[in-house]
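Quick caveat, the model's predicted, so the values are computed rather than measured. Just the heavy atoms: all of them, side chains too, but no hydrogens, waters or symmetry mates, feed the values below. Numbers restart at 1 for each chain; the letters A, B, ... are given by sequence-line order, proteins then strands.
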Protein chains: 2
Amino acid sequence: MTIDQIINKIYPLSEASRESLKKHITEVTYPKGHILLKAKKIETSIYFIKKGIVRAFSNLADNEVTFWFGKEGDTVISMKSYVARKKGYEDIELLENCELYELKTQDLQKLFNEDIQIANWGRKFAEQELIKTEERLIFLQFKNASERYASLLKNSPDLVKRVQLRHISSYLGITQVSLSRIRAEIK
Amino acid sequence: MTIDQIINKIYPLSEASRESLKKHITEVTYPKGHILLKAKKIETSIYFIKKGIVRAFSNLADNEVTFWFGKEGDTVISMKSYVARKKGYEDIELLENCELYELKTQDLQKLFNEDIQIANWGRKFAEQELIKTEERLIFLQFKNASERYASLLKNSPDLVKRVQLRHISSYLGITQVSLSRIRAEIK
DNA sequence: GTCATTTTTTATCATTTGTAAAACGATTCC
DNA sequence: GGAATCGTTTTACAAATGATAAAAAATGAC
């Protein structure tokens with residue numbers, strides 16, 4: 001996915017505004033297994049995924065819980081760092097070799113105060129992430145484990161193929177054993 | 001809570017920008033039990049709560065699920081209507097007689113394109129709601145029912161007092177029977 | 001290909017949570 | 001005051017999920 005596609009998918013910008021945004025974006029690659037963002041740090045960059053798949057997880061008590069997946073076109077961000085300049089709760093791990101677009105939070109913040117189009121682009125970004133998070137919250141609260149898995153399978157079949165099932169089960173809020181049972185039933 | 005306090009809590013505006021925002025805000029009151037926003041409609045207003053408490057719920061299958069509470073200083077909004085101009089998933093019911101500040105979405109959208117401060121105010125609003133939703137999502141996924149109740153009791157003791165327990169249990173993602181069991185254990 | 005390691009599935013039992021119905025308490029209505 | 005209604009708790013039982021261990025399958029290194 002090109003950076004122009006990613007930018008315009010969030011909110012179409014004029015050529016001028018898009019260029020001034022792109023001026024601050026660089027391309028980087030990291031190997032599978034790399035930890036892109038760390039829970040214990042206040043992160044200063046956000047990333048857009050050109051190619052690859054990543055997960056966000058927290059270390060709770062003894063076991064880690066995956067609560068988000070990102071793939072091509074998605075934005076990798078520590079919301080806590082970005083919004084409140086506080087340490088986030090998530091580590092971001094690359095589950096494949098990844099090609100990413102990097103943008104410094106500080107540069108973006110500056111643009112928010114200079115360019116009304118980019119300010120509205122930032123608004124739209126937050127709004128869209130909010131909708132996604134809200135939908136997932138409602139799903140987690142309303143549906144049981146089988147329904148959640150069935151829905152994931154329907155809406156993101158590639159995810160289930162590309163990602164280890166232990167991460168999927170964690171994402172669904174159940175144990176790996178439970179997920180296995182559910183998968184066995186469906187067959 | 002005054003409207004100036006509510007506006008500035010989200011993101012401090014200059015007097016000029018705040019005034020142009022306030023020009024579009026009116027005060028309304030509705031009685032307990034009133035349905036402020038409807039799931040089946042594309043809503044055209046958002047509200048700020050001056051006084052009172054409200055809940056958002058969805059009718060799923062046969063039983064309704066409460067997934068959000070709002071009180072003094074909170075914003076009542078159908079995110080789907082606001083962001084995507086689509087029908088939301090929630091009804092909003094007033095749990096007490098309420099005093100509200102009303103703002104037409106259309107007026108706000110217009111201001112977003114005219115005033116960079118207000119555009120950034122809208123961005124900050126979405127970002128803050130996003131953080132809240134993300135925290136709740138993580139809580140729902142990471143913590144068990146007792147921990148979630150304990151946390152609610154700690155962080156919003158007034159809520160537990162002001163709201164019926166059947167709504168609280170629904171909000172926690174458990175049955176009323178389970179909540180009763182949890183409450184019995186704590187004593 | 002073979003071996004070692006990791007991941008997933010299966011089986012068993014314990015625990016948690018849900019369902020349904022009854023009991024209790026508080027409030028409202030006549 | 002008494003009957004009816006609503007909200008909450010309790011009880012008994014059923015279903016779902018978790019914990020643990022072990023087997024099977026898949027993956028990766030050499």
Asks: Would you say B:I53 and B:D158 make side-chain contact, with heavy atoms under 4.5 Å?
Replies: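 No, side chains not in contact.
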
Asks: In whole Å, what is the span from the CD atom of A:E147 to the C1' atom of D:dT17?
Replies: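 The answer, rounded to whole Å, is 15 Å.
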
Asks: Would you mind reading off the distance between A:K143 atom NZ and D:dA16 atom C1', rounded to a whole angstrom?
Replies: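 The distance from NZ of A:K143 to C1' of D:dA16 comes to 18 Å, rounded to the nearest Å.
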
Asks: Taking the six-membered ring for Trp, are B:Y171 and B:F69 parallel (under 30°), tilted (30 to 60°) or perpendicular (over 60°)?
Replies: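 Aromatic pair B:Y171/B:F69 classed tilted.
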
Asks: What is the distance, to the nearest angstrom, from the CG atom on A:L165 to the P atom on C:dT6?
Replies: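 Rounded to the whole Å, the gap is 18 Å.
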
Asks: What's the closest nucleotide to the side chain of B:Q176 if the choices are D:dT9, C:dT9, D:dT17?
Replies: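 From the listed options, D:dT9 comes nearest.
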
Asks: Does A:R166 reach a base, just sugar-phosphate, or nothing at all? Heavy atoms under 4.0 Å.
Replies: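 It contacts sugar-phosphate atoms only.
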
Asks: Can we say B:E19 and B:K23 salt-bridge, meaning some charged N sits less than 4.0 Å from an Asp/Glu carboxylate O?
Replies: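 Not counted as a salt bridge, because no side-chain N and carboxylate O are separated by less than 4.0 Å.
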
Asks: Please determine whether a side-chain nitrogen or oxygen atom of A:T175 lies at a distance below 4.0 Å from atom OP1 or OP2 of D:dT17.
Replies: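 No, no such contact exists.
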
Asks: If you check every side-chain atom of A:V177, which of D:dT9, D:dT20, C:dT7 has the closest atom?
Replies: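 Nucleotide nearest to A:V177's side chain: D:dT20.
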
Asks: Would you classify A:I174 as touching base, sugar-phosphate or nothing, given that sugar-phosphate means primed atoms plus P, OP1 and OP2, and contacts are heavy atoms under 4.0 Å?
Replies: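 A:I174: backbone/sugar contact only, no base atoms under 4.0 Å.
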
Asks: What's the CZ-P distance between A:R162 and D:dT27, to the nearest Å?
Replies: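 Distance check: A:R162 CZ to D:dT27 P gives 16 Å.
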
Asks: Round to a whole Å and report the spacing from CD of B:Q164 to P of D:dT5.
Replies: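 B:Q164 atom CD is separated from D:dT5 atom P by 17 Å.
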
Asks: Using a strict threshold of under 4.0 Å (side-chain N to carboxylate O), is an ion pair present between B:K80 and B:E90?
Replies: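 Judged by the 4.0 Å cut-off on N to carboxylate O distance, B:E90 and B:K80 do not form a salt bridge.
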
Asks: Measure the distance from CG on A:N144 to P on D:dG18 and round it to the nearest whole Å.
Replies: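 In whole Å, D:dG18 P lies 12 Å from A:N144 CG.
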
Asks: Using a cut-off of less than 4.0 Å, is there contact between a side-chain N or O of B:R183 and OP1 or OP2 of D:dT9?
Replies: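 Answer is yes, contact under 4.0 Å.
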
Asks: In this structure, are over 12 heavy atoms from other groups packed under 6.0 Å from A:K22 atom NZ?
Replies: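 Yes, because the 6.0 Å sphere around NZ of A:K22 holds more than 12 heavy atoms from other groups.
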
Asks: Can you find a side chain N or O atom of B:S180 that sits less than 4.0 Å from OP1 or OP2 on D:dT8?
Replies: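 Indeed not, no polar side-chain atom of B:S180 lies that close.
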
Asks: What is the separation between atom CD on A:E185 and atom P on C:dA11, rounded to the nearest whole Å?
Replies: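 Rounded to the whole Å, the gap is 13 Å.
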
Asks: Could you work out which one of C:dT17, D:dG7, D:dA19 sits closest to the side chain of B:R181?
Replies: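 Closest nucleotide to the B:R181 side chain: C:dT17.
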
Asks: Take the protein atom CZ of A:R148 and the nucleotide atom P of D:dA16, then report the distance between them rounded to whole Å.
Replies: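 Between P of D:dA16 and CZ of A:R148: 14 Å.
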
